[in-house]
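Quick notes on the structure that follows.
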Amino acid sequence: MDLKYYIKDVPDFPEPGILFRDITPLLAEPQAWSITLDRLTQLVAFLKPDYIVGIESRGFIFAAPLALDLGAGFVPVRKSGKLPRATFQQQYSLEYRTDTLEIHQDCFKVKPGGRVLVVDDVIATGGTAKCAGDLVGLAGGTLVGFCFLIELTFLAGRDLLPPELPCLSLLTY
Ligand code: AMP
């Protein structure tokens, strides 16, 4: 099944010049969604993660079922001010501003130093994923790789990530 069929291109969203890759048609088609999860699980199983870190908000959609499939814990990385207990924070750059992501300080308490895979829907410039990877380190996890449904290769986002770690993507544009 060609999963790209279920991903719709939306020109000039959320701002002029951005070609937004809309995953909602894929999520609404149970067979395509199920195949997507199977393929993602197969792609990353060899990393044997103890935790899947999902990046707010579309990363959650993929990270949570992936964690269940792999017998791993799910840990959210959220935008500033959303997590209720003590957090580590890290800033990252967007085109015209900076933003902050957070992770709970004790999120890896069940298995200290456990193996952590960072998951998001799309890697574009790589700044968001890099920031999440840095937070994993601050919280004491062992970062073992990154996984994305979609990689926008022309933006070379993977070049921002640690070169020794696998950066796995199911679909490339
Ligand atoms: P970046 O930090 O540039 O790699 O951006 C990644 C984040 O922005 C991800 O959380 C994506 O959900 C979102 N994103 C960036 N570009 C796109 C795009 N063209 N289509 C859909 N989502 C995008």
Side-chain angles (χ1 to χ4, degrees), residues 2-29 32-33 35-37 39-40 43-44 49 51-67 74-83 87-104 107 116-139 141 143-173:
D2 182 7
L3 297 175
K4 282 187 175 177
Y5 175 78
Y6 298 96
I7 292 164
K8 299 299 170 208
D9 295 347
V10 187
D12 299 318
F13 183 87
E15 41 192 271
I18 304 287
L19 182 61
F20 191 82
R21 306 292 179 173
D22 178 20
I23 58 166
T24 59
L26 183 145
L27 301 174
E29 167 52 55
W33 179 207
I35 288 171
T36 301
L37 281 175
R39 290 185 187 171
L40 284 171
L43 189 66
V44 302
Y51 296 98
I52 309 291
V53 160
I55 305 176
E56 185 174 358
S57 57
R58 287 186 298 274
F60 293 174
I61 297 168
F62 297 91
L66 204 53
F74 167 76
V75 170
V77 157
R78 299 208 62 180
K79 310 263 167 66
S80 188
K82 304 276 188 174
L83 289 172
T87 62
F88 294 111
Q89 297 157 18
Q90 181 81 18
Q91 279 197 339
Y92 65 109
S93 299
L94 299 160
E95 208 171 355
Y96 301 113
R97 59 190 171 93
T98 61
D99 217 335
T100 303
L101 291 177
E102 297 188 334
I103 199 167
H104 271 142
C107 60
V116 183
L117 175 70
V118 170
V119 172
D120 204 358
D121 65 331
V122 175
I123 178 167
T125 66
T128 309
K130 182 189 183 313
C131 182
D134 291 346
L135 286 168
V136 168
L138 285 172
L143 187 60
V144 295
F146 295 85
C147 171
F148 308 94
L149 175 65
I150 295 169
E151 178 174 1
L152 305 180
T153 53
F154 60 97
L155 292 171
R158 62 169 57 229
D159 294 353
L160 267 193
L161 306 179
E164 70 280 11
L165 295 181
C167 172
L168 306 162
S169 42
L170 202 55
L171 307 173
T172 54
Y173 289 89

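What you see below is based on every heavy atom in this structure, not just the backbone, and it leaves out hydrogens, waters and symmetry mates. One-based numbering, in listed order, for ligands and for the atoms of each.
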Between Leu138 and Ile103, is any pair of side-chain heavy atoms under 4.5 Å apart? no

Sub-4.5 Å side-chain heavy-atom contact between Leu170 and Leu3: yes

What verdict does the salt bridge (Lys or Arg N to Asp or Glu O under 4.0 Å) test give for Arg21 and Asp9, after you've listed the backbone C-alpha separation in whole Å, the side-chain angles of each residue and the deciding distance to 0.1 Å? CA-CA 5 Å; Arg21 306 292 179 173; Asp9 295 347; 2.7 Å; yes

Contacting atoms of ligand 1, where contact means under 4.0 angstrom from a heavy atom of Leu152: 19 (N)

Against heavy atoms of Gly127, which atoms of ligand 1 measure under 4.0 Å? 2 (O), 4 (O)

Is the closest heavy-atom distance from Asp120 to ligand 1 below 4.0 Å? yes

Is ligand 1 less than 4.0 angstrom away from at least one heavy atom of Ile23? no

Please determine if [X] has a nitrogen or oxygen closer than 3.5 Å to a nitrogen or oxygen of ligand 1.
{"X": "Gly126", "value": "yes"}
{"X": "Ile18", "value": "no"}
{"X": "Ala124", "value": "yes"}

Within a reach of under 6.0 Å around NZ of Lys82, are more than 12 heavy atoms found that belong to other residues, nucleotides or ligands? no

Tell me which protein heavy atom sits closest to [atom], plus the residue, atom name and distance to 0.1 Å.
{"atom": "atom 3 (O) of ligand 1", "result": "Thr125 OG1, 2.5 Å"}
{"atom": "atom 11 (C) of ligand 1", "result": "Asp121 OD1, 3.4 Å"}
{"atom": "atom 7 (C) of ligand 1", "result": "Thr128 OG1, 3.9 Å"}
{"atom": "atom 20 (N) of ligand 1", "result": "Arg21 N, 3.0 Å"}
{"atom": "atom 17 (C) of ligand 1", "result": "Val122 CG1, 4.0 Å"}
{"atom": "atom 19 (N) of ligand 1", "result": "Leu19 O, 3.0 Å"}

ring-ring contact (aromatic ring centres under 6.0 Å, His included) evaluation trace for Phe62 with Phe148: CA-CA 9 Å; Phe62 297 91; Phe148 308 94; over 10 Å; no

Closest heavy-atom approach to atom 13 (C) of ligand 1 among Glu56, Arg58, Glu151, Lys130 is made by Arg58

Can you check whether Gly17's main-chain N or O pairs, donor with acceptor, with Asp12's side chain at less than 3.5 Å? yes

Is there a salt bridge (Lys or Arg N to Asp or Glu O under 4.0 Å) between Glu102 and Arg78 once you walk through the steps? CA-CA 5 Å; Glu102 297 188 334; Arg78 299 208 62 180; over 6 Å; no

Taking the six-membered ring of Phe146 as reference, does the cationic atom of Arg158 (NZ for Lys, CZ for Arg) lie under 6.0 Å from its centre and within 45° of its axis? no

Stepwise, does the salt bridge (Lys or Arg N to Asp or Glu O under 4.0 Å) test hold for Arg58 with Asp121? CA-CA 6 Å; Arg58 287 186 298 274; Asp121 65 331; 2.6 Å; yes

